[in-house]
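Just so we're on the same page: letters track the sequence lines, and every chain starts at 1.
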Amino acid sequence: MAHHDHAHDDHAHDEHHGPEKGIMRWIKTTNHKDLGTLYLFFAFTMFFIGGLMSLVIRAELFHPGLQFVDPEFFNQMTTMHALVMIFGGVMPAWVGLANWMVPMMIGCSDLALPRINNWGFWILPFAFAMLLGTLFMEGGAPAGGWTMYPPLVLQTGNAFPFLIFAVHLMGVSSITGAINVAVTILNMRAPGMSLLKMPLFVWTWLITAYLLIAVMPVLAGAVTMLLTDKYFLTSFFTASGGGDPVMFQHIFWFFGHPEVYILILPAFGIVSTIIPTFARKALFGYDSMVYAVASIAFLSFIVWAHHMFTVGMPLAGELFFMFATMLIAVPTGVKVFNWVATMWKGSMTFESPMLFALAFVFLFTIGGFSGLMLAITPVDFQYHDTYFVVAHFHYVLVPGAVFAILAGVYYWIPKWTGRMYSEKWGKIHFWLSAIFINITFFPQHFAGLAGMQRRVPDYAVQFVDWNVWSTIGAFGFFLAQFIFIFNMLACCYGWFGRKQGLPDRVWEGAHGLEWTVPSPAPYHTFEVPPVISDNEVTAAHDSVDALDKHKLS
Amino acid sequence: MALVAVPGLGIAGVFAAQGFWPIFPFAGLELSALGAALWVSLRRNRYREVLRFEGGQLVVECGDLGGEVRRVLAWPRTWTRVALERGRRGNDPQRLLLMYAGRRVEIGRCLTDDERAALRGRIKELLRPVVPEGAAGAVGRGPGPSTQDMCSGE
Ligand code: HEM
Ligand SMILES: [Cu+2]
């Protein structure tokens with residue numbers, strides 16, 4: 001996001017070698033900052049496309065009956081919306097933020113495998129060109145839901161092999177990203193940056209990478225079996241050939257549930273970075289945060305069947321998955337408690353990143369509570385496949401993951417571009433987003449409790465009020481995001497005379513190595529490893545204080 | 001590595017035992033990629049080039065820590081020259097070259113341009129026919145990067 005500043009940089013130190021000029025810079029780049037920028041631009045492009053699809057869905061659901069699209073196309077929209085948002089929006093946004101911030105946070109000059117990094121990014125445009133291309137194919141885009149359950153998904157038209165191949169490519173991209181980040185964190189920390197001194201964003205990403213590495217082969221295997229079932233006469237999941245379609249659901253959710261945590265763990269890291277900055281206090285319970293994330297990651301492997309309570313399982317299974325799922329609330333509660341305790345008696349200010357982080361804590365918790373309700377097996381029998389589930393996962397994903405991404409971009413954009421965003425427009429963007437997102441998704445709880453099914457383009461007239469609100473909220477939220485886009489582009493390109501000449505430490509309460517380099521961060525940072533002896537790193541952790549106090553007493 | 005490989009292959013194994021074997025090759029592929037990545041990165045961390053100024057000779061050796069040492073050259077000190085060249089194309093890093101009798105050897109490839117410039121200065125000092133007191137022999141003790149762990153901390 002920082003073309004101009006790099007050009008700048010070239011002049012400043014002539015022999016320091018900067019980026020290549022023109023388009024080839026972006027195609028050939030192996031620089032972690034360039035690739036981070038590319039990932040973020042890609043992610044927001046996908047958010048835009050996926051957002052348009054969601055508007056098609058909401059327009060159709062504004063009123064009962066069929067207005068704008070036929071049911072087949074409606075189902076293509078729900079399926080593609082989810083795939084685009086999850087694999088094209090949130091995942092690349094996290095990889096982009098990791099690209100920019102992980103090396104700067106642990107004090108190394110780049111990711112461990114820069115060429116693989118370039119490759120991992122450039123797979124994505126092809127994967128999504130292919131996926132989106134299916135919209136124009138005979139039989140249309142995939143319409144069987146993002147979960148791709150057989151036998152329904154096997155009825156997909158010509159799009160089917162493209163769907164499978166696109167999923168494989170997204171998987172390869174995620175894996176290269178995960179391997180790269182993990183290897184970088186394990187092997188390239190600056191001297192003195194021990195594991196328990198790492199910023200929480202780095203920790204959460206390390207655990208995210210671990211989850212990705214553990215579950216991506218499961219997804220790859222699952223979709224490959226779908227492919228062979230359709231074209232090569234195998235019958236892994238076809239009952240007529242002795243296969244078991246329910247096994248697909250087990251396999252898919254064995255991947256799928258860890259995947260939803262992959263989408264949220266880096267958000268925990270960002271919020272744990274931002275709240276201490278604007279509360280001007282050390283993060284409360286650093287160690288317990290790390291352990292909480294690790295236990296959430298562990299638990300995420302043993303709860304998958306809470307997505308399948310209604311397919312029929314032995315009672316013991318239903319009970320096991322119910323209790324295991326409810327256990328996740330414990331470490332999650334620890335985290336929420338720590339965030340609140342960090343703010344307790346802090347000197348708080350409410351700049352845009354902080355506003356989004358606070359909204360995250362509040363609204364993500366609402367999503368956690370609806371999750372707990374869904375975790376209760378007998379209750380889920382009623383809620384399953386209703387709009388209550390839609391409300392749940394949108395609360396954890398939009399005011400959860402997406403708000404954290406927005407908060408992170410607001411927080412670091414001055415570091416990336418050397419220009420301050422407009423705080424006034426940031427606040428307007430925040431309030432519009434926070435209000436509209438609740439108008440969109442809160443009513444869906446009630447619609448779902450009253451029995452409105454998901455993935456259906458029509459509904460009974462009794463649900464009409466909730467849906468009118470939802471649609472209004474969705475359009476409002478979508479439009480409000482352009483404020484953000486322009487605010488950030490203005491920082492990238494220097495429109496509207498954005499404030500420059502920022503200090504290294506843009507936020508007075510911020511700690512961490514990224515705030516010891518100039519703003520904008522030069523094209524190359526930390527080519528010589530910094531020495532981590534000062535309180536830069538430790539200042540953000542309460543555990544170190546606690547240790548010192550121990551020594552004194 | 002074991003921390004990922006065991007659960008990774010374990011999961012794949014359980015599914016394979018149920019007849020859903022296609023997960024296994026993907027797990028294998030992916031874990032090999034991870035292994036390779038770790039190996040490459042650890043090896044890059046261990047790579048060293050060492051310059052020694054022994055009496056009348058300049059000796060350059062390279063290799064991995066704990067591995068075999070390869071002698072790159074042993075040239076008469078007074079006849080060796082050091083130079084910094086621009087990279088071949090616009091943005092390629094600079095090249096630090098040792099030259100003797102028409103032969104050229106590039107060293108310090110994993111340093112940054114600034115570090116290469118500093119290293120060239122130091123080598124130049126040490127190649128000078130009249131060597132200042134104390135700088136001969138084991139140079140590693142002197143200030144500046146002379147007996148070099150040039151690529152550590154990459
Ligand atoms: C306290 C933590 C959580 C609990 C107890 C929980 C529980 C559940 C349950 C039981 C379901 C299945 C509902 C059904 O289909 O009947 C569900 C669905 C879902 N959850 Fe969560 N959840 C939690 C957190 C999260 C988080 C953090 C995310 C993502 C960031 C997430 C994303 C989803 C998604 C995407 C679905 C729907 C998948 C689909 O059917 O398309 N959940 N959750
Ligand atoms: Cu789940």
Side chain / backbone / both / neither for [X] at chain A, heavy atoms under 4.5 Å:
| X | value |
| --- | --- |
| B/Phe20 | both |
| B/Ile11 | side chain |
| B/Ala27 | both |

### Message
Suppose we screen for side-chain hydrogen bond (donor to acceptor under 3.5 Å, both in side chains). Which residues come up paired with A/Thr228, at least two apart in sequence or across chains?
### Response
A/Thr234
### Query
Sequence neighbours excluded, which residues qualify as side-chain hydrogen bond (donor to acceptor under 3.5 Å, both in side chains) partners of B/Arg81?
none
### Query
Shortest non-hydrogen contact from B/Ile23 to A/Gly221?
CG1-CA, 3.8 Å
Select, from [options], the one with the greatest count of heavy-atom pairs under 4.5 Å involving chain B.
| options | value |
| --- | --- |
| A/Ala222, A/Ala214, A/Ala182, A/Ala220 | A/Ala220 |
| A/Val215, A/Leu186, A/Ile213 | A/Ile213 |
| A/Val218, A/Leu113, A/Leu219, A/Thr184 | A/Val218 |

### Query
Between A/Leu212 and chain B, which part of the residue has a heavy atom less than 4.5 Å away: side chain, backbone, both or neither?
backbone
### Task
Would you give the length of the straight line joining atom CG of B/Leu38 to atom CG of A/Asn187, rounded to the nearest 0.5 angstrom?
6.0 Å
### Message
I'd like to check B/Pro7 versus A/Phe298 (side-chain heavy atoms, cut-off strictly below 4.5 Å). Are they in contact?
### Response
no
## Note on the structure
Contact list (residues 239-251 of chain A to chain B, heavy-atom gap under 4.5 Å, by number) returns A/Met247, A/Ile251
Compile the donor-acceptor pairs under 3.5 Å between side chains in residues 167-179 of chain A and protein atoms, sequence neighbours left out, one pair per line.
residue	atom	partner	partner atom	Å
A/His168	NE2	A/Thr224	OG1	3.0
A/Ser173	OG	A/Gly120	O	2.9
A/Ser174	OG	A/Met170	O	3.1
A/Thr176	OG1	A/Val172	O	3.3
A/Thr176	OG1	A/Ser173	O	2.8

